[in-house]
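Sharing a structure with you now.
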Amino acid sequence: MSTYSATPPPRSEKTLIDNADRLAGKTLRQIAYEMGLTVPADQSHAKGWIGELMELCLGATASSRPEPDFQYIGVELKTLPINHIGKPKESTYVCTVPLTVEADISWSGSVVKRKLSRVLWLPVEADASIEFAQRRIGSAFLWSPDAQQETDLRTDWQELMDMIHMGEIDKISSQHGKVLQIRPKAVNARALTKTATATGEPGFTLPRGFYLRTSFTHNLLTMYAG
DNA sequence: CCTTGATCATGC
DNA sequence: GCATGATCAAGG
């Protein structure tokens, strides 16, 4: 995505919020025009476009590294597609699931915890009845997990990672996990990656990702955007 | 209508 | 292939 001018990386949360506030109420078409870009005709071939546009507008820097989008202030950016009744339309991708056994892996050292420790949530209209370019950005809010959310996330993460370390990745379905689930995250269903196995021999399985359930992000909306 | 499993684009 | 940004689309 090339553009006239990317925003400099924010050095404070206030700067980030101020920048996000200036996007609120604007349509994708307006924002794209200001950035010297064109809105894709078909979102099915540009699934991550809104997120990438918002990264440019807000000065995200992490690129494709497993680090927070705003490196100086340790904040992750997540767009949140909202349907016609104000609920999240899709689950939220968090990060890739590590499938090989690694030393000293713990919740406190996990990528899931790091990424979710501080998040700028940016609601975006996503109802099918609204033309893609006419969809508006909503009011962003900064979030950190409260005690209950942290417990739920840690419990799910631990349970899922325990299964992986036991070589049981192929027993994990998307129904595991109260708030955090594991689902495929691959180029297609034939993709393979190395995984731990019960015998300790290397195995191969479909690459997976951690996702937040829509019930979880809906709760965030009611807590912060209500 | 919602969830699950599958998929699209991009940079290394 | 892996990690980022996610949504699509079939079936329950």
Side-chain angles (χ1 to χ4, degrees), chain A residues 1-3 6 9 28 31-32 35 37-71 75-100 102 110-112 114-116 119-133 135 137 156 160 169-195 202-218:
Chain A
M1 193 179 284
S2 66
T3 173
L28 297 179
I31 295 168
M35 299 294 285
L37 298 170
T38 304
V39 181
D42 180 7
Q43 194 180 18
S44 69
H45 291 282
K47 295 179 181 179
W49 188 81
I50 299 175
E52 290 164 4
L53 179 67
M54 294 300 104
E55 288 187 337
L56 281 173
C57 288
L58 296 173
T61 51
S63 184
S64 65
R65 289 173 292 115
E67 300 297 329
D69 293 301
F70 304 103
Q71 56 179 332
V75 176
E76 175 74 12
L77 173 66
K78 288 293 177 194
T79 59
L80 197 53
I82 307 297
N83 70 12
H84 63 110
I85 53 173
K87 295 175 67 174
K89 181 183 175 185
E90 297 286 349
S91 55
T92 300
Y93 170 69
V94 179
C95 61
T96 298
V97 177
L99 293 173
T100 54
E102 292 156 38
S110 69
V111 174
V112 173
R114 196 185 333 146
K115 286 223 164 197
L116 297 183
V119 178
L120 183 74
W121 293 98
L122 194 50
V124 183
E125 285 183 332
D127 193 78
S129 69
I130 310 172
E131 183 193 343
F132 185 52
R135 295 180 185 178
I137 304 298
D156 286 346
L160 292 163
I169 178 62
D170 290 321
K171 293 182 183 175
I172 297 177
S173 85
S174 46
Q175 297 176 61
H176 286 85
K178 176 183 173 185
V179 299
L180 190 68
Q181 64 179 173
I182 285 179
R183 302 219 309 280
K185 176 62 171 174
V187 60
N188 60 42
R190 279 85 65 195
L192 292 174
T193 190
K194 277 187 183 175
T195 184
F204 288 88
T205 191
L206 186 62
R208 318 297 167 94
F210 283 114
Y211 295 81
L212 294 174
R213 295 185 180 279
T214 54
S215 55
F216 185 82
T217 51
H218 183 228

* Using ring-ring contact (aromatic ring centres under 6.0 Å, His included) as the criterion, list what pairs up with A:F132, not counting sequence neighbours. => none

* Reckon A:E76 touches a base, only the sugar-phosphate, or nothing at all at heavy-atom distances under 4.0 Å? -> sugar-phosphate

* Could you tell me, to 10°, how much the axis swings from one end of the helix from B:dC1-C:dG12 to B:dC12-C:dG1 to the other, five pairs per end? => 30°

* NA contact type, A:A126, heavy-atom cut-off 4.0 Å: base, sugar-phosphate, or nothing? -> nothing

* Any donor-acceptor pair under 3.5 Å from A:T92 side chain to A:R213 backbone -> no

* With A:V111 via side-chain contact (heavy atoms from CB on, under 4.5 Å) - residues at least two apart -> A:C95, A:R114, A:K115

* Provide, to the nearest angstrom, the distance between the CG atom belonging to A:L56 and the P atom belonging to B:dG11. => 12 Å

* Across the strands shown, which category fits A:Y211 at heavy-atom distances under 4.0 angstrom: base, sugar-phosphate, nothing? -> base

* **Contacts of type side-chain contact (heavy atoms from CB on, under 4.5 Å), residue A:K185, not counting sequence neighbours** => A:Y93, A:Y211

* Asked: If you look only at pairs with a residue in residues 169-179 of chain A, which of them pass as a salt bridge (charged side-chain N to carboxylate O under 4.0 Å, His left out), with sequence neighbours excluded?
  -> A:D152-A:K178, A:E168-A:K171, A:D170-A:R208

* Reckon A:K194 touches a base, only the sugar-phosphate, or nothing at all at heavy-atom distances under 4.0 Å? -> nothing

Heteroatom pairs (N/O) under 3.5 angstrom, protein to nucleotides 1-5 of chain B:
| residue | atom | partner | partner atom | Å |
| --- | --- | --- | --- | --- |
| B:dT4 | OP2 | A:Q181 | NE2 | 3.2 |
| B:dT4 | O5' | A:S174 | OG | 3.0 |
| B:dG5 | OP2 | A:S174 | OG | 2.7 |
| B:dG5 | N7 | A:R183 | NE | 3.0 |
| B:dG5 | O6 | A:R183 | NH2 | 3.0 |

* Set of residues satisfying side chain to side chain donor-acceptor pair (under 3.5 Å) with respect to A:R183, sequence neighbours excluded -> A:S91, A:Q181

* What pairs with A:T195 under side-chain contact (heavy atoms from CB on, under 4.5 Å), at least two apart in sequence or on another chain? -> A:L99, A:I169, A:T205

* **Where chain A begins and ends its contact with DNA chain C, read 5' to 3' at 4.0 Å from heavy atoms** => C:dC2 to C:dC8

* Which part of the nucleic acid, if any, lies within reach of A:R208 when heavy atoms closer than 4.0 Å are counted: base, sugar-phosphate only, or nothing? -> nothing

* Structure fact -> By salt bridge (charged side-chain N to carboxylate O under 4.0 Å, His left out), A:K78 pairs with (sequence neighbours left out) A:E76

* **side chain to side chain donor-acceptor pair (under 3.5 Å) against A:E90, all qualifying residues, sequence neighbours excluded** => none

* Which residues satisfy the side-chain contact (heavy atoms from CB on, under 4.5 Å) test with A:I137, sequence neighbours excluded? -> A:L23, A:L28, A:I31, A:M54, A:L122, A:V124

